[in-house]
2 protein chains.
Amino acid sequence: MPVTIKDVAALAGVSPSTVSRTCKDHPSISRQTKEKVRQAMAKLGYEPNFQASSLATQNSRTVGIILPPSEWEAYQNPFYLEMIRGISQYCNQKQYINTVITGQNEDEILQAIKTMARTGLAEGFIVLYSREQDPVLDYLYEEGLLYVLIGKACRNVNQTIYVDNDNVLAGREAAEYLLNLGHVRIACLSGDHSLLYNHDRKMGYMLALAERGIPFDGQLCVEVPSVPEEQDQALAALFAREDRPTAVLVSDDILAVALEKACIGLGLSIPGDVSILSFNNSLLARLTFPPLTSVDVNACQLGIEAAAQMISHVENPELVATKIIVPHHLVERESCAGAGGFCGD
Amino acid sequence: MPVTIKDVAALAGVSPSTVSRTCKDHPSISRQTKEKVRQAMAKLGYEPNFQASSLATQNSRTVGIILPPSEWEAYQNPFYLEMIRGISQYCNQKQYINTVITGQNEDEILQAIKTMARTGLAEGFIVLYSREQDPVLDYLYEEGLLYVLIGKACRNVNQTIYVDNDNVLAGREAAEYLLNLGHVRIACLSGDHSLLYNHDRKMGYMLALAERGIPFDGQLCVEVPSVPEEQDQALAALFAREDRPTAVLVSDDILAVALEKACIGLGLSIPGDVSILSFNNSLLARLTFPPLTSVDVNACQLGIEAAAQMISHVENPELVATKIIVPHHLVERESCAGAGGFCGD
DNA sequence: CTGAAAGCGCTTACAG
DNA sequence: CTGAAAGCGCTTACAG
């Protein structure tokens, strides 16, 4: 069953070297012999052995995909699957393989990375999350391993390759959208700020308000821990004040669902009493009631670009660290209305 | 930087063969030399090269993970990530690597599988979904490739290794739970029935009703296509009849969220007017309002067992096709109430 | 333009 | 109990 380069060489009446060279379309091989060899390859269904060529070229053609520790709540975000899909798609096409690395916590992940790096298994790593002071990122950097980050780099910015959305801009545009609907008391609800995108989106929100001369009100900004149980109070508190917000910018669909839940609990209708604008545009955004207006960040594209950067750096080590910005776009649904509220009670 | 077996051999004053053998704790090597070699390995931080050992043993130690085509709606289910996590965890630990395979549609996936199989890249494939008449599954079977299926096999049952929940039992227990709450008109809402677990859960539901002597009412069973837009009518129709159901069994959390949405639209309160019991117990189940009582199917464990089966079959080809059943358990939250309804309007 | 040869870093019968 | 040697299937200077 396993047909090797020798079989092809024999059938075509050339040496293995020649077969190898026509596989990579080496210019020195004549058109005629290439043709002969290709026919032999086709007839035998030859495909070069991956391991052997890895060994010979000293390129394992595999990239590690690092998921956040599974103990993080955010872990279950469909977002990650989308990025994996993008990476996988690009890798499949370039004949690279990807291996996902997970662990309960950072130690387990570090352990896995270490052995992969030492066994020469992975050429580099794509990290699916970006956080301040992340031990995994620090390790990668210190060891001089190749990695690309999805999300903005925080340390060693100049030396790290990353692909990200312009989250400040996204946050700003989202806030402007609400502003344009006439909202003034706009709250900002976000997850863990050590995750950079949460932070950036809030910055954008602040910029947009500042630009309109709306004073910043810290009490309107709540950062919630990841455990849902504990969120309820924080969310309720947001609406407890007299001049409660009429709109909320939420950093993720999952959180937005939790917010919708809180609103229902408080008897607030959406978008009648409060408008909700969220990010990531996952399946959830379409399914909840009301369907969420959400900023799509093109997660799959983030994955594709990350894989593309990875592979081009593997193959051209002299390349310098680039930064890629993937566009976002707002998808309008039914969770936002004018400030007056026209579905109100 | 790359320390090889020769370096270790040199330092320990033995031959490479001996180093190789002590790596695998071969019994014929004396305790003393093993000790010597281990010290040398530790000092140099030696880790055998993955590609080289793959090539020599003719075992690539990599397993392909096949996701459903991304054009399926179900694709975004966090469920898949959980299974990937389980697989990845087990593989990492056994020093195997996993590569995820995706594609827009089945053709793209088939293409990727073909080249992986021919390049000797993957020893086998774990298929994350099980469907009637699936071309991917058929291909795998016909080519005699090693694969394990997560979900029940439909064709070639005796020859396929699979790991699954007992979905019939799960459906039955779930229905019994509602029955025990006093519900009689229980609807069953499920996704695409060509996905076997949807079918099985419904079978369980039918069994439970039959056992209580409740006549089966086909109109209470709705199978929805995956596109949310089209679901709304089907869901609304369920509640349009005079003797509307007081409880519904839903085959997945995502669908349950859509159902909650429909109920709100119809002015039905949960669980006051209708109880909802769903499956999969994803993050969603906790976040929506009200939080969903849901059957947890241990997705991560499904992944772990699948990987374990895969690896043991790679290493022992004579093994016969086993079937593994992973347990489920019901997680009670707030979406189910007694048939009378005590939160009603 | 093409081939013989050495090499990638392991493994494993075969000798001893 | 240990080592020399051949081999896994490719690649790529080096000759010609």
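Proteins get letters first, then strands, A, B, ... in listed order; numbering begins at 1 in each.
Ser194(B) and Glu132(B) are not linked by any side-chain donor-acceptor pair at a separation below 3.5 angstrom, with hydrogens and angles left out of the test. Side-chain atoms of Glu123(A) and Ser60(A) include a donor-acceptor pair closer than 3.5 Å. For Arg85(A) and Ser70(B), the side-chain atoms include at least one donor-acceptor pair closer than 3.5 Å. Side-chain atoms of Thr18(A) and Ser15(A) form a donor-acceptor pair, as typed in the model, at a separation below 3.5 Å.
Rounded to whole angstrom, the span from the CG atom of Asp25(B) across to the C1' atom of dC1(D) amounts to 15 Å. Rounded to an integer number of Å, the gap from Lys6(B) NZ to dG7(C) P is 8 Å. Rounded to an integer number of Å, the gap from CG of Asp7(A) to P of dC10(D) is 9 Å. The interatomic distance linking Asn59(B) (CG) with dG9(D) (C1') rounds to 16 Å, in whole Å. Rounded to whole Å, atom P of dC10(D) lies 13 Å from atom CZ of Arg118(B). Note: CD1 (Ile5(B)) to C1' (dG7(C)) measures 16 Å, nearest angstrom. For Gln51(B) and dG9(C), the CD to P distance is 11 Å, given to the nearest whole Å. In this entry the distance linking CG of Asn49(B) with C1' of dG9(C) reads 6 Å, nearest Å.
Take Arg21(B) and apply the side chain to side chain donor-acceptor pair (under 3.5 Å) test, not counting sequence neighbours, and it matches no residue.
Contact between the side-chain N/O atoms of Ser30(B) and the OP1/OP2 oxygens of dT2(D) is found at a separation under 4.0 Å. Put simply, Thr33(A) has no side-chain N or O that comes within less than 4.0 Å of OP1 or OP2 on dC1(C). Using a 4.0 Å cut-off, some side-chain N or O of Ser20(A) falls inside it from OP1 or OP2 of dT11(D). Within the structure, a side-chain polar atom (N or O) of Lys24(B) is placed less than 4.0 Å from OP1 or OP2 of dT11(C). Residue Thr18(A) places at least one side-chain N or O under 4.0 Å from the OP1 or OP2 atom of dG3(C).
Between Lys323(B) and Glu305(B) there is no salt bridge, since none of the side-chain N atoms of the basic residue sits less than 4.0 Å from a carboxylate O of the acidic one. In this structure, Lys34(A) pairs ionically with Asp25(A), as a charged nitrogen and a carboxylate oxygen lie closer than 4.0 Å.
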List every contact pair, protein side and nucleotides 13-16 of chain C side both N or O, where the distance is under 3.5 Å.
| from | atom 1 | to | atom 2 | distance (Å) |
| --- | --- | --- | --- | --- |
| dA13(C) | N6 | Arg21(B) | NH1 | 3.1 |

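Taking atom P on both nucleotides, dG9(D) is separated from dA13(D) by 23 Å, rounded to a whole Å.
Set against dC1(C), dC8(C), dT2(D), the side chain of Ile29(B) has dT2(D) as its closest nucleotide.
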Run Ile109(B) and Ile66(B) through side chain to side chain contact (heavy atoms under 4.5 Å, CB included) and show every step you take.
CA-CA 8 Å; Ile109(B) 293 179; Ile66(B) 302 177; 3.8 Å; yes
Bracket notation of DNA chain C in which parentheses pair within the strand, [ ] cross earlier pairs, and | pairs with another strand (Watson-Crick or G-U, under 3.5 Å):
|||.||||||||.|||
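With the nearest nucleotide of DNA chain D identified for both Ser15(B) and Gln58(B), Ser15(B) has the one nearer the 5' end. When the nearest nucleotides of DNA chain D are assigned to Pro27(B) and Ala56(B) by heavy-atom distance, the more 5′-ward of the two goes with Pro27(B).
Taking the side chain as every heavy atom from C-beta outward, Val136(A) and Ile113(A) approach each other to under 4.5 Å.
In this structure, CZ on Arg155(A) lies 10.5 Å from OH on Tyr141(A), to the nearest 0.5 angstrom.
Using a 4.0 Å heavy-atom cutoff across all strands shown, Tyr46(B) reaches sugar-phosphate atoms only and no base atom. Heavy atoms of Ser53(B) sit under 4.0 angstrom from primed sugar atoms or phosphate atoms, though from no base atom.
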